[in-house]
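A short write-up of the structure that comes next.
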2 protein chains.
Amino acid sequence: MELILDERKRQILQAIIDDYISTAEPVGSRTIARKYDLGISPATVRNEMADLELLGYLEQPHTSSGRIPSVKGYRFYVDCLLAPPQISDRDIAIIDNWYHTKARRIEEVFQETVKILSRMTRNVSMVLAPQVSQQCTFKYIQFLPLDERRSIVVIVTDTGLIENKIIAIPEGLSHEDLGRVANAINSHLGGLAIDRITTPVLKDIQNDILPDPQVYERAITLLRQVLTVDKNEKVYLGGTTQMLNQPEFRDVDKIKGLLTMLEEDRLLCDILHMSNSDGVIVTIGQENKYSGIHDCSVVQATYRIDGQVVGTVAVLGPTRMEYGKTMSVLKFMQRHLGEILKQYKVL
Amino acid sequence: MELILDERKRQILQAIIDDYISTAEPVGSRTIARKYDLGISPATVRNEMADLELLGYLEQPHTSSGRIPSVKGYRFYVDCLLAPPQISDRDIAIIDNWYHTKARRIEEVFQETVKILSRMTRNVSMVLAPQVSQQCTFKYIQFLPLDERRSIVVIVTDTGLIENKIIAIPEGLSHEDLGRVANAINSHLGGLAIDRITTPVLKDIQNDILPDPQVYERAITLLRQVLTVDKNEKVYLGGTTQMLNQPEFRDVDKIKGLLTMLEEDRLLCDILHMSNSDGVIVTIGQENKYSGIHDCSVVQATYRIDGQVVGTVAVLGPTRMEYGKTMSVLKFMQRHLGEILKQYKVL
DNA sequence: TGTTAGCACTCACATCAGTCGAGTGCTAAT
DNA sequence: ATTAGCACTCGACTGATGTGAGTGCTAACA
């Protein structure tokens with residue numbers, strides 16, 4: 001890769017991409033020479049453009065049309081031309097202001113976050129929420145009586161993320177039995193990281209505490225059921241209507257394809273793979289794994305609670321997106337969300 | 001209103017609407033005479049059509065184009081021409097099959113329901129879930145300790161619908177204090193219908209049980225906060241992508257308008273007003289309160305738990321929708337959902 | 001008197017040629 | 001090395017034309 005484009009080529013490339021991002025129209029040499037005063041004539045720009053196209057940074061939709069950036073062009077733009085993402089104080093103020101709607105429940109925080117992200121970036125946004133099975137620790141399990149035959153299992157972790165589920169009480173167990181089971185489990189598992197609760201550990205409890213195998217067996221099945229059910233990742237999605245404003249989605253079939261895709265949580269989770277890096281990751285156009293978003297880019301960043309990566313915030317938009325703005329917002333959000341969530345964790 | 005259309009006019013009107021519903025194209029006299037063998041010639045049909053248009057049942061997009069039903073036409077179709085909605089055994093089997101994914105948690109039931117509704121009707125569907133404040137009765141409140149400064153309030157009702165919320169423990173209250181508050185509240189409110197928990201009742205507790213006004217004041221604030229916060233109705237929405245398949249939504253701006261509207265929960269709640277009737281209510285085109293859905297129809301039915309209306313199931317689609325099918329599915333669902341939810345209520 | 005065949009008429013829609021203009025590549029002059 | 005000039009390309013727009021589905025009306029018919 002000849003990343004050593006001379007200064008003028010860089011300037012022209014940047015100007016072209018900037019212009020294309022804001023207008024969504026192929027950019028001509030005249031526009032560049034006029035709008036961005038680089039002190040050169042359209043003809044010169046044309047020559048440079050021809051070079052840039054030859055090098056693969058630009059494309060021409062049809063002969064005698066302006067140029068648009070190629071994936072390689074965007075890549076170079078994002079990696080080399082863009083100033084390091086820096087969010088403005090004004091944006092921070094806006095975000096803070098939006099967050100000020102009361103968000104006591106943890107899901108509300110995520111819901112609010114996707115809303116803010118899409119409003120700021122005018123694109124679709126996603127947040128992968130921390131899974132229970134992540135780093136948080138088990139605090140206790142409790143059975144709340146509901147009636148003779150049913151009970152509510154509540155699992156409380158140190159992040160305050162509680163999971164509850166109505167269960168039918170197995171034949172032959174009383175509420176008191178459940179209480180004893182809970183005690184046994186709690187004394188053994190209290191303070192343990194959720195993902196350490198494995199079959200051998202559970203076996204331990206069986207041997208130690210509860211001699212009655214029948215009661216135990218059933219209780220553990222319940223616990224496991226609750227834990228495994230809650231393992232599926234939760235993705236929050238927002239701002240899908242934003243995308244209808246983008247000229248690249250004037251086509252109903254395109255919209256349909258994308259919306260249908262976004263309905264599949266499994267796919268979204270897969271897109272939002274958590275890297276361990278702290279940076280903002282940009283995946284442009286065909287770099288994406290799924291062909292459904294080959295004309296989209298994904299900008300994502302992981303966020304941490306107490307140094308541990310627990311989830312991802314991301315924005316999805318057309319390849320022609322405001323990378324600078326998006327990256328800066330996400331960079332801010334990764335820190336901000338982590339801080340907010342920390343309040344939900346034990347201090 | 002001259003509802004006394006003669007038999008042939010009825011047949012023709014029905015044929016036209018049926019045809020328009022399935023093709024989305026203005027219907028011509030030739031089509032009617034050919035496809036639906038009423039034993040009359042196109043010319044006769046034309047005469048009848050002219051009459052029907054004069055009476056307001058049909059419209060003509062432009063001279064020399066086929067006819068399309070007017071709102072009045074649809075109204076007559078729904079009220080007088082349609083056979084009473086009857087779901088087929090095959091559809092019941094399909095629905096049953098779809099429901100068989102495990103749905104232990106109550107929200108999953110609703111989520112599943114909107115999915116099924118939109119798949120069956122190929123339209124957007126909505127379910128207004130029972131509010132806590134509906135007819136169900138308060139069972140108990142409980143404070144689960146989270147850490148020194150925070151606690152989880154859990155409110156359990158007889159429908160098993162529990163609400164939980166993390167709260168900061170007010171300065172000066174211990175977990176034991178909270179426990180006592182809970183006991184006091186429970187002994188007073190246990191078994192009471194949620195909507196009977198009013199300010200005077202809460203005052204009662206204050207006077208009777210808790211002489212310490214400071215502790216009480218704070219605790220009640222919490223309770224009220226939880227109760228009022230949970231008062232906002234919960235609407236489940238599904239199948240928005242379905243609408244992209246409808247030819248009337250080939251236009252991106254229309255889609256945008258509708259999708260934006262559907263994002264507003266408040267509006268949806270308002271659309272799904274709960275009548276007390278047991279029937280299926282159809283609101284056609286401009287009969288709708290909101291101009292955003294003036295070219296849509298809403299078909300809705302309330303569902304009951306133990307005889308009490310608790311929520312609404314609804315389908316939203318273009319005025320040109322399969323009313324018969326939609327109504328039959330909803331009619332089935334109103335009963336079915338009630339039954340499913342009954343399992344979540346005390347027996 | 002109700003029904004129907006025939007016919008002129010309407011109008012959306014598709015097609016096609018012509019024009020326009022933004023933009024290019026190339027060449028020659030600076 | 002840069003730029004002015006020029007011929008060329010090609011998408012987008014415009015207006016004319018043809019087509020066909022459909023109508024309304026009138027006159028003939030059972």
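Letters A, B, ... are given to chains in the order of the sequence lines, protein chains preceding strands, and every chain is numbered from 1.
Residues B/I68 and B/P26 share a closest heavy-atom pair of CG2-CA, 3.8 Å. Closest non-hydrogen pair, B/C269 versus B/V235, comes out as SG-CG2, 3.3 Å. Of all heavy-atom pairs spanning B/L244 and B/R250, the tightest one is O-NH2, 3.9 Å.
Closest approach to the B/R67 side chain among D/dA4, D/dT23, C/dG25 is made by D/dT23 (side chain taken as heavy atoms from C-beta onward). The nucleotide whose nearest atom lies closest to any side-chain atom of A/E53 is, among C/dC11, C/dG25, D/dG24, C/dG25. Side-chain atoms of B/R46 lie closest to D/dT23 of the nucleotides D/dT23, C/dG25, C/dT4.
A close approach under 4.0 Å does not occur between any side-chain nitrogen or oxygen of B/S41 and OP1 or OP2 of C/dT3. Note on A/R8: a side-chain N or O is less than 4.0 Å away from OP1 or OP2 of D/dT2. A sub-4.0 Å separation between OP1 or OP2 of C/dT4 and a side-chain N or O of B/T44 is present.
Atom-to-atom, CD of A/Q60 to P of D/dC10 comes out at 10 Å; the value is rounded to the nearest Å. C/dC7 atom C1' lies 14 Å from atom CZ of B/R30, rounded to whole Å. If you measure from atom NE2 of A/H62 to atom P of D/dA12, you get 6 Å, rounded to the nearest angstrom. Atom CG in B/N47 sits about 14 Å away from atom C1' in C/dG6, given to the nearest Å.
Each of B/G66 and B/A43 was assigned the nucleotide of DNA chain D with the nearest heavy atom; the assignment lying further toward the 5' end belongs to B/G66.
Ring geometry, A/Y323 versus A/Y77: the interplanar angle exceeds 60°, so the pair is classed perpendicular (tilted spans 30 to 60°).
Judged by distance alone with a 3.5 Å cut-off, a donor-acceptor contact links the side chain of A/S64 to the base of D/dT9.
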